[in-house]
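A short write-up of the structure that comes next.
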Protein chains: 2
Amino acid sequence: MKRDSRLSGVLHILLHMAQQPGPFTSETLARAMDTNPVVIRRIMAGLREIGYVRSEKGHGGGWTIACDLSKVTLRDVYAALGNPPLLAMGNRTESPGCLVEQAVNAALDQAFDDAEALLLARLGEVTLAMLGEDLRKRLGSRKIHDISAHRA
Amino acid sequence: MKRDSRLSGVLHILLHMAQQPGPFTSETLARAMDTNPVVIRRIMAGLREIGYVRSEKGHGGGWTIACDLSKVTLRDVYAALGNPPLLAMGNRTESPGCLVEQAVNAALDQAFDDAEALLLARLGEVTLAMLGEDLRKRLGSRKIHDISAHRA
DNA sequence: TTTCATGTAACTTTACATGTTACGTGATGG
DNA sequence: CCATCACGTAACATGTAAAGTTACATGAAA
């Protein structure tokens with residue numbers, strides 16, 4: 001299975017956007033992320049519906065952050081993506097008639113559920129603002145990289 | 001990505017085998033698991049190498065449990081499968097030059113690593129013998145299902 | 001020496017994230 | 001008003017990995 005990197009991707013985008021005034025076109029963001037504009041629009045669609053970002057068409061259009069970064073957690077962003085599966089493993093059959101399989105599922109589900117809960121809790125502890133803070137530390141004296149400067 | 005169900009599958013097999021004396025052919029196990037004999041051999045291969053099960057060719061051959069069920073944990077079985085990925089999500093780039101992506105990775109890795117560690121710990125707490133105990137409770141008065149009875 | 005059962009390679013199928021192409025919608029600016 | 005820009009979205013292509021299938025070799029038992 002290919003690993004789902006949408007959460008990683010969308011956070012990358014948001015953090016870039018938070019570093020300088022927008023709006024940003026899908027085209028610009030795609031160049032910075034080394035991917036396709038349509039992919040950007042796809043993973044941003046959920047955030048737009050919830051209102052974390054806004055998008056404008058036409059000249060001077062593009063994407064803009066429309067939320068309080070200190071109020072939105074990584075878990076919120078994950079939810080905006082539609083809560084995709086977190087674990088790469090699962091049960092063979094979800095509601096088996098076989099008692100043996102029921103026993104196996106019960107044991108695995110306990111471990112799986114615990115791990116999922118912890119992961120979601122951890123994501124819920126980190127806000128986008130905290131991510132931005134951490135980035136600022138990493139930047140140190142270095143100048144911020146203007147993603148709009150990328151030209152084909 | 002399709003969900004990996006090998007751990008679920010191999011546990012199902014082991015638990016079935018623990019309920020009655022062997023050996024069991026891949027054919028028989030495949031029928032009970034509603035899958036293909038080759039799939040059985042594949043997921044059992046790792047367990048054989050470590051010595052949790054043995055396999056014999058020819059007449060009267062098949063698979064036999066060759067370990068102390070109270071000594072082998074679900075984590076051990078998982079390891080025997082080759083430690084496949086646990087999480088369905090990951091970072092876009094593992095060693096990014098972009099500082100923004102580094103900040104994102106750092107935040108996500110912390111959550112990911114914690115969740116993986118917890119999952120492995122939970123799997124390490126459960127032995128195959130404990131699974132068998134749980135199964136016996138679920139069986140209650142019911143008679144055990146003889147998987148060898150399946151006939152095409 | 002025939003039959004049975006595993007061992008394994010090679011191929012097909014399925015599922016899903018990602019990438020790409022094409023075209024529609026609406027906003028801006030001349 | 002119409003050409004351009006940028007998003008919205010459907011449709012299709014690609015890459016990857018698990019699961020399923022076929023084929024055949026190896027070795028043990030009757």
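Letters A, B, ... are given to chains in the order of the sequence lines, protein chains preceding strands, and every chain is numbered from 1.
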A/Leu15 and A/Gln19: CA distance, side-chain angles, deciding distance, side-chain contact (heavy atoms from CB on, under 4.5 Å) verdict: CA-CA 7 Å; A/Leu15 208 44; A/Gln19 302 310 305; 4.1 Å; yes
Distance test, side-chain N/O of B/Arg6 to OP1/OP2 of D/dA18, below 4.0 Å: yes
5′-ward residue of the pair A/Ala45/A/His59 relative to DNA chain D: A/His59
Whole-Å gap separating P (D/dG8) and CD1 (A/Ile40): 13 Å
Contact under 4.0 Å: B/Thr35 side-chain N or O vs D/dG20 OP1/OP2: yes
Close residues, residues 47-56 of chain B, relative to DNA chain C [heavy-atom separation under 4.0 Å]: B/Arg48, B/Ser55, B/Glu56
Any protein N or O atoms within reach of nucleotides 22-26 of chain D? Criterion: under 3.5 Å, listing atom names and distances.
unit_1 : atom_1 : unit_2  : atom_2 : d
D/dT26 : O2     : B/Lys57 : NZ     : 3.2

Nearest-angstrom distance from the residue atom CG of B/Asp34 to C1' of D/dA19: 12 Å
Residues B/Leu123, B/Leu7; criterion side-chain contact (heavy atoms from CB on, under 4.5 Å); working and verdict: CA-CA 11 Å; B/Leu123 294 180; B/Leu7 180 57; 4.3 Å; yes
Residues that B/Arg136 engages under side chain to side chain donor-acceptor pair (under 3.5 Å), provided they are two or more places apart: B/Glu133
Over 12 non-hydrogen atoms of neighbours within 6.0 angstrom of CD in A/Glu125: yes
Side chain to side chain donor-acceptor pair (under 3.5 Å) against B/Arg75, all qualifying residues, sequence neighbours excluded: none
d(CD, A/Glu27; P, D/dG8) in whole Å: 15 Å
Worked verdict on A/Leu128 versus A/Leu11 for side-chain contact (heavy atoms from CB on, under 4.5 Å): CA-CA 8 Å; A/Leu128 294 176; A/Leu11 291 176; 3.7 Å; yes
Side chain of B/Val39 (C-beta onward), nearest among D/dA28, C/dA17, D/dT21: D/dT21
Short side-chain N/O contact to D/dC7 OP1/OP2 from A/Ser26, under 4.0 Å: yes
Check: A/Arg42 side chain, C/dG19 base, donor-acceptor under 3.5 Å: yes
Whole-Å gap separating P (D/dT9) and CE (A/Met44): 14 Å
Short side-chain to backbone donor-acceptor contact, B/Arg48 and B/Arg41, under 3.5 Å: no
Anything under 3.5 Å between a donor and an acceptor, one on a side chain of residues 50-71 of chain B, the other on a protein residue two or more places apart or in another chain? List them.
unit_1  : atom_1 : unit_2  : atom_2 : d
B/Trp63 : NE1    : B/Ser26 : OG     : 2.9
B/Asp68 : OD1    : B/Ser70 : N      : 2.9
B/Asp68 : OD1    : B/Ser70 : OG     : 2.7
B/Asp68 : OD2    : B/Ser70 : OG     : 3.3
B/Asp68 : OD2    : B/Lys71 : NZ     : 3.3

Between C1' of C/dG19 and CZ of A/Arg3, the distance in whole Å: 20 Å
Protein-nucleotide distance (A/Phe24, atom CZ; D/dC7, atom P), rounded to Å: 12 Å
OP1 or OP2 of C/dT18 under 4.0 Å from side-chain N/O of A/Ser5: yes
Nucleotide C/dG19, atom P - distance to CD1 of A/Ile43 in whole Å: 9 Å
Nearest-neighbour nucleotide for the A/Trp63 side chain, C/dT28, D/dC7, D/dA29 considered: D/dC7
Interatomic distance where CE belongs to A/Met89 and P belongs to D/dA18 [whole Å]: 10 Å
Any residue meeting side chain to side chain donor-acceptor pair (under 3.5 Å) with B/Ser8, in chain and number order, not counting sequence neighbours: none
CG-CG distance between A/Leu14 and A/Leu47, expressed to the nearest 0.5 angstrom: 5.5 Å
